[in-house]
Protein chains: 2
Amino acid sequence: MSPSDDPLIRRFVEEAGNTTQTLGVGRVAGQVFAYLYFSPEPRSLDDLKEGLGISKGSASMVVRQLEQWGAVQRVWIKGDRKDYYTANDYFGRMLRNVIMDVMGKRLSSLSELLDATDAQLNAQAKPVPNHAFLQSRVKRLREFQGKVQSLWGNPLVKVLMK
Amino acid sequence: MSPSDDPLIRRFVEEAGNTTQTLGVGRVAGQVFAYLYFSPEPRSLDDLKEGLGISKGSASMVVRQLEQWGAVQRVWIKGDRKDYYTANDYFGRMLRNVIMDVMGKRLSSLSELLDATDAQLNAQAKPVPNHAFLQSRVKRLREFQGKVQSLWGNPLVKVLMK
DNA sequence: AACATCGTTCAATACGTACTGAACGATATG
DNA sequence: CATATCGTTCAGTACGTATTGAACGATGTT
């Protein structure tokens with residue numbers, strides 16, 4: 001019996017799919033995770049394909065992405081060539097990995113941009129008309145960036161999300 | 001002089017646009033905010049239209065969205081029929097509003113689904129085969145949901161994001 | 001009152017990207 | 001060795017949705 005046969009679980013699959021879609025992570029990512037999360041036993045790519053009505057290619061790719069985020073784990077079943085997967089329930093760690101993956105480059109990119117801006121503002125022989133204004137805005141951006149990073153590394157937050 | 005004439009600021013506009021796009025909020029939202037954020041004086045819809053090369057409809061809609069999130073503020077200039085806007089720099093509050101707006105329905109939807117699942121699991125005369133397993137997974141989900149909410153309302157987090 | 005100048009709306013469209021599925025290499029099986 | 005069964009890849013497509021822009025009502029102007 002497939003987990004998606006249970007209408008209740010099918011609702012979880014649908015809900016998870018909608019959630020991940022609005023988060024910009026793709027619909028099937030949430031669907032596959034929910035499917036695995038409510039499967040007592042590990043599932044193969046073909047199980048995902050038929051249970052969720054997705055292509056095998058999708059199943060393969062999304063499973064690898066989920067594995068990279070630590071949301072899903074590969075398990076070997078002896079005497080079986082297929083790959084099987086189970087869902088982890090360390091939601092906090094999962095969430096951190098996803099956010100880092102999505103936002104990491106953006107944050108460092110902002111940091112570089114702020115540096116470049118500072119350098120250029122200070123290098124001007126004669127200051128641009130709105131020099132003071134621009135500097136104050138850049139400063140505020142830096143403060144915000146710092147707050148996000150400190151919040152991110154805060155022990156209390158880590159504990160709460162364990 | 002329009003702020004987007006400065007190549008440095010144009011980079012901020014582009015970067016902000018990319019960020020909001022990957023966050024699923026639309027590209028012009030970030031562009032408009034960055035444009036306003038680096039404008040010493042308030043800007044009109046036409047300024048946005050010409051400064052960013054977007055349609056007037058886009059400018060109108062995105063400005064209203066940003067206003068709803070508290071990212072942007074309307075200002076009146078006496079003797080002028082146009083609406084003018086400036087950017088706020090309370091990034092923390094902004095971020096909270098956006099997240100609440102995007103995730104709010106999803107979280108309460110999950111809560112309802114968990115309730116319904118609990119009710120149905122307990123109402124069964126004869127438990128389903130994997131009753132214990134399903135209950136444990138639902139329980140874990142509830143725990144996670146609780147952690148997110150407590151983190152959300154945590155005073156320290158609020159202070160850090162002020 | 002006629003005209004001009006706003007902001008808003010919403011059907012049509014353009015656009016990015018998530019998803020598909022056929023082709024492929026790799027590995028097991030007989 | 002031939003065949004079957006895997007998982008992976010990637011060009012093509014389908015799909016959702018962000019964006020447009022013409023039409024409109026509202027409001028100010030002469």
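So that the names make sense, note that chain A is the first sequence line, chain B the second, and so on, each numbered from 1. Keep in mind that the numbers below use all heavy atoms, side chains included, and drop hydrogens, waters and symmetry copies.
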Check your understanding: Okay, side chain of Thr86(B), backbone of Pro42(B): is any donor-acceptor separation there less than 3.5 Å?
Key ->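 The answer is no, because no donor-acceptor pair under 3.5 Å joins these two groups.
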I need the [atom1]-[atom2] distance between [X] and [N], as an integer number of Å.
| X | N | atom1 | atom2 | answer |
| --- | --- | --- | --- | --- |
| Met61(B) | dA11(C) | CE | C1' | 12 Å |
| Lys49(B) | dT5(C) | NZ | C1' | 14 Å |
| Leu48(A) | dT20(C) | CG | P | 12 Å |
| Asn18(A) | dA18(C) | CG | P | 16 Å |
| Glu50(B) | dG21(D) | CD | P | 14 Å |
| Leu45(A) | dT5(D) | CG | C1' | 13 Å |
| Lys56(A) | dT9(D) | NZ | C1' | 13 Å |

Check your understanding: With Trp69(B), which of Ile99(B), Leu95(B), Asp101(B), Asn88(B) fulfils side chain to side chain contact (heavy atoms under 4.5 Å, CB included)?
Key ->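 Per the side chain to side chain contact (heavy atoms under 4.5 Å, CB included) rule, the option paired with Trp69(B) is Asp101(B), out of Ile99(B), Leu95(B), Asp101(B), Asn88(B).
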Check your understanding: Side chains of Gln135(A) and Asn122(A): donor-acceptor distance under 3.5 Å anywhere?
Key ->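 There is such a pair between these side chains.
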**Study point:** Within 6.0 Å of CZ in Phe144(A), more than 12 heavy atoms from elsewhere
**Key:**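 Enclosed: over 12 neighbouring heavy atoms sit under 6.0 Å from CZ of Phe144(A).
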Review point. Do we get Arg137(A) above Tyr37(B)'s six-membered ring, with its NZ or CZ under 6.0 Å from the centre and within 45° of the axis?
Key: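 Flagged: Arg137(A) positioned over aromatic ring of Tyr37(B).
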Exercise for review: Respond yes when some side-chain nitrogen or oxygen of Ser55(B) is under 4.0 Å from OP1 or OP2 of dT20(D), and no when none is.
Suggested key: yes
Review point. Between dT8(D) and Ser60(A), is there an OP1 or OP2 to side-chain N/O distance shorter than 4.0 Å?
Key: yes
Check your understanding: Taking the side chain of Asp46(A) as heavy atoms from C-beta outward, which of dC6(D), dC6(C), dC10(C) is closest to it?
Key ->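 For the Asp46(A) side chain, the nearest candidate turns out to be dC6(D).
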Check your understanding: Among dT19(D), dC19(C), dC6(D), which nucleotide sits nearest the side chain of Arg27(A)?
Key -> dC19(C)
Review point. Are Arg64(A) and Glu67(A) within salt-bridge range, i.e. N to O under 4.0 Å?
Key: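 Judged by the 4.0 Å cut-off on N to carboxylate O distance, Arg64(A) and Glu67(A) do not form a salt bridge.
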Exercise for review: Name the residue closer to the 5' end of DNA chain C, choosing between Gly53(A) and Gly57(B) according to the nucleotide with the nearest heavy atom.
Suggested key: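 Counting from the 5' end, the first nearest nucleotide belongs to Gly57(B).
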Practice item. To the nearest 0.5 Å, tell me how far Asp118(A) CG sits from Arg142(A) CZ. Key: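 If I round to the nearest 0.5 Å, the distance is 5.0 Å.
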Check your understanding: Which of residues 62-86 of chain B have a heavy atom under 4.0 Å from DNA chain C?
Key ->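 Per residue number, the list reads Arg64(B), Arg81(B), Lys82(B), Asp83(B).
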